[in-house]
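Worksheet: one structure, shown below.
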Amino acid sequence: MKKVLFVSSEVYPLIKTGGLADVCGSLPPALQELGADVRLIMPNYQSIKTTEDIYYKSSIQVNRMDVNILETRLPGTQVVVWLVDYPMFFDFPGNPYVDEKGDPWLNSAERFALLCRVAVEVAMNRGYLDWKPDIVHCNDWQTGLVPAFLSLETDRPATVFTIHNMAYQGLFPKETRGLLNIPRELWHLNGLEFNGFFSFIKGGLVYADRITTVSPTYANEIQTAEFGYGLEGLLSHRKQDLVGIINGIDAEHWNPKTDTHIIAPFDNLTLSKKQLSKSALQAKVSLPVASKVPVYALISRLVEQKGIDLIIDCLPEMLTLPLQFILLGSGDKVFEQQLLDFARQNPEKMSVTLGYDEVLAHQLEAGADVFLMPSRFEPCGLNQLYSQRYGTVPIVRKTGGLADTVCDALPESIGNKTATGFVFNDATEGALMEAIKRSLLIYSFPGLWVQLQLNGMQKDYSWLRSAKQYQALYEQL
Ligand code: ADP
Ligand code: GLC
């Protein structure tokens, strides 16, 4: 039985800002189900939410800091979670990356370097937890120093580094090296140095035994200049060790048949009940309750990655079409204001909810007809998967995981019942508008539309499928 230590800055349902938390909350229990002994380690943020008890486990000293390790369980599972307790860094309101006001933490490098150091102590069985993993599985830049530090140890566990997003690299001024007390051996161009900066992500990309990312298409894309942000050379140099494994979804939490957040649960045999969620949604966001008008939805961090600017460019024309548009998101203040302005000028057609709202997210997936994901890049993307499960037809740009998981509605794929959505190529207003119009056309043929919905609902995006691929990777190490 492989013993795996999972390291992450966010884990659902303890704390979440995006898909990283979803993955780190679902993959460990799925691996456990396959027989692995998986434990998680993450910071003990003030905003952690849990129904489970939290116990004191041990105390250690790293880099002259006295840290407690607390233990809890991932709610509803048997997965042990260790919390790195250092109040001077983590006992503040806010999320893992920004404070209460939305400003990035000024000591992010120190916060996540501490997480990495404690993870290394635990990985080497020096955390007084009486457990040594065979594999340390790190996620995104916040954990990048773990493979780097471990490379200096003898008799160390193997390391896997998963890239959830190359756009976030954890780059800091080079003086950070001194501040963090990083050993000299790690500081060079083939190490943690990147164009004169201190790079957390390079710790993972250079020193991990294997690198994974969250879709096969993204694994190829990041080896090109457009998606590699200067690290494409390193990634293609390591391509033998790099693999793309598509994310799964938490099939219990995102299940239209048992979803407690929606008014009338449904499945592929009772699809007509989706209509009830649609009316409830329209009423909730104060749009006209109209069963024949298709509802387009978008749930997202409002950042450039997600193609929000393309949506904004499309809105003047889109809002003249016979549809409604409901958006839930938060992020860039300029996008937020522009979207609010459109909604205010078109109260019968568009609704915007700013903020983070898990319940509304479920109601949107259940009640909408179409889901928009015009991302400029998307390592995997989860909402297009949730959408397919809920009979909500996605419109996506052909990139990363979106390209790997949505099959465009074309004559052939409609004919052989593989079509699950609408895919467009160019990151332009024109290409997105064309996809929106194509979806409206097919929506006007109810028989065709229902077939698209059913094709998506029948696809298997369970974690078990992906977990088996991770398991196979662990076996090689
Ligand atoms: P990313 O991790 O890049 O943000 P993903 O598609 O992988 O993109 O995952 C986003 C996750 O965050 C999904 O579970 C989505 O429902 C959720 N999410 C994003 N914004 C919000 C919001 N404003 N309210 C509720 N859930 C949100
Ligand atoms: C990142 C990516 C997203 C992916 C998620 C989980 O945040 O932007 O595409 O689904 O990580 O892997």
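Only this structure's heavy atoms are used, side chains among them; waters, hydrogens and symmetry mates stay out. As the structure lists them, so they are numbered: ligands from 1, and atoms in each ligand from 1.
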- Query: Is the closest heavy-atom distance from P379 to ligand 1 below 4.0 Å?
  - Reply: no

- Query: Where is the nearest protein heavy atom to atom 8 (O) of ligand 2: which residue, which atom, and how far?
  - Reply: Q305 NE2, 3.1 Å

- Query: Considering only protein heavy atoms, which is closest to atom 20 (N) of ligand 1, and at what distance to one decimal place?
  - Reply: S300 C, 3.6 Å

- Note on the structure: In this structure, atom 3 (C) of ligand 2 is nearest to the protein heavy atom E378 OE2, 3.3 Å

- Message: So for C380, does at least one of its heavy atoms come nearer than 4.0 angstrom to any atom of ligand 1?
- Response: no

- Task: Ignoring angles and geometry beyond distance, decide whether E358 reaches within less than 3.5 Å of ligand 1 through its nitrogen or oxygen atoms.
- Result: no

- Message: Tell me whether N165 has any N or O atom under 3.5 angstrom from an N or O of ligand 1.
- Response: no

- Could you walk me through whether R301 and D332 pass salt bridge (charged side-chain N to carboxylate O under 4.0 Å, His left out), step by step? CA-CA 8 Å; R301 295 185 290 120; D332 188 313; over 6 Å; no

- Query: How about L302 and L354: do any of their side-chain heavy atoms sit closer than 4.5 Å?
  - Reply: yes

- Item | Heavy atoms from other residues, nucleotides or ligands near NZ of K398 exceed 12 (cutoff 6.0 Å) | no

- Any idea which protein heavy atom is nearest atom 2 (O) of ligand 1, and the distance to it? G19 N, 2.6 Å

- Is there a heavy atom in H164 that sits closer than 4.0 Å to ligand 1? no

- Give the intermediate values and the outcome of ring-ring contact (aromatic ring centres under 6.0 Å, His included) for residues Y443 and W449. CA-CA 5 Å; Y443 185 79; W449 191 260; 5.1 Å; yes

- Item | Top protein contact for atom 2 (C) of ligand 2, by heavy-atom distance | H164 O, 3.2 Å

- Taking all atoms of both residues into account, what is the closest heavy-atom pair of F90 and L114, and its distance? CE1-CD2, 4.2 Å

- Can you list the atoms of ligand 2 that are under 4.0 Å from a heavy atom of G381? 3 (C), 4 (C), 9 (O), 10 (O)

- Are the charged groups of E336 and K333 less than 4.0 angstrom apart, N to O? yes

- Between L382 and ligand 1, find which residue part has any heavy-atom pair under 4.0 Å and reply side chain, backbone, both or neither. both

- Message: Please compare L402, N383, I299 and report which has the shortest non-hydrogen distance to atom 15 (C) of ligand 1.
- Response: N383

- Query: Can you check whether F172 and F200 have ring centres sitting under 6.0 Å from each other?
  - Reply: yes

- Pick whichever of K306, M373, R301, Q384 has a heavy atom sitting closest to atom 8 (O) of ligand 1. K306

- Message: More than 12 heavy atoms of other residues, nucleotides or ligands under 6.0 Å from CZ of F197: yes or no?
- Response: no

- Message: Using a 4.0 Å cut-off to any heavy atom of N247, which atoms of ligand 2 qualify?
- Response: 6 (C), 10 (O), 12 (O)

- Does ligand 1 have any atom sitting under 4.0 Å from a heavy atom of E365? no

- Message: Quick check: K16 and ligand 1, any N/O pair under 3.5 Å apart?
- Response: yes

- So which bit of N165 gets within less than 4.0 Å of ligand 2, heavy atoms only: side chain, backbone, both or neither? side chain

- Task: With ring-ring contact (aromatic ring centres under 6.0 Å, His included) as the test, would you mind laying out the steps for H253 and Y12 before giving the verdict?
- Result: CA-CA 11 Å; H253 188 64; Y12 182 84; 5.2 Å; yes

- Query: Using heavy atoms and a threshold below 4.0 Å, how should the contact between N247 and ligand 1 be classified: side chain, backbone, both, or neither?
  - Reply: neither

- If you measure every N/O of A361 against every N/O of ligand 1, is any gap under 3.5 Å? no

- Message: What I want to know is whether V214 and ligand 2 share at least one N or O pair that is separated by under 3.5 angstrom.
- Response: no

- Verify whether the ring centers belonging to W141 and F112 lie closer than 6.0 Å. yes

- Message: Under 4.0 Å from a heavy atom of V23: which atoms of ligand 2 are those, numbered in the order shown and with their elements?
- Response: 6 (C), 12 (O)

- Item | Per-atom contacts of ligand 1 with D22, taking only distances under 4.0 Å to non-hydrogen atoms | 11 (C), 13 (C), 14 (O)

- Message: D357 versus ligand 1: do any nitrogen or oxygen atoms come within less than 3.5 Å of each other?
- Response: yes

- E252 CD: over 12 foreign heavy atoms closer than 6.0 Å: no

- Query: Identify the closest protein heavy atom to atom 27 (C) of ligand 1: which residue and atom is it, and at what distance?
  - Reply: Y356 CE1, 3.4 Å

- Taking only heavy atoms of G355, which atoms of ligand 1 are found under 4.0 Å from at least one of them? 22 (C), 23 (N)

- Message: Suppose I only count heavy atoms of G19 and a 4.0 Å limit; which atoms of ligand 2 are within that range?
- Response: 5 (C), 6 (C)

- Stepwise salt bridge (charged side-chain N to carboxylate O under 4.0 Å, His left out) test for K16 and D22: CA-CA 7 Å; K16 162 171 166 178; D22 287 329; 3.0 Å; yes

- Message: Run Y296 and I395 through side-chain contact (heavy atoms from CB on, under 4.5 Å) and show every step you take.
- Response: CA-CA 10 Å; Y296 286 62; I395 294 183; 4.0 Å; yes

- Message: Tell me if the CD1 atom of I312 is crowded by more than 12 foreign heavy atoms within 6.0 Å.
- Response: yes

- Query: Which word best sums up how the rings of Y474 and Y470 line up, parallel for under 30°, tilted for 30 to 60°, or perpendicular for over 60°?
  - Reply: tilted

- Walk me through it: do R389 and E365 pass the test salt bridge (charged side-chain N to carboxylate O under 4.0 Å, His left out)? CA-CA 9 Å; R389 195 110 206 276; E365 287 293 5; over 6 Å; no

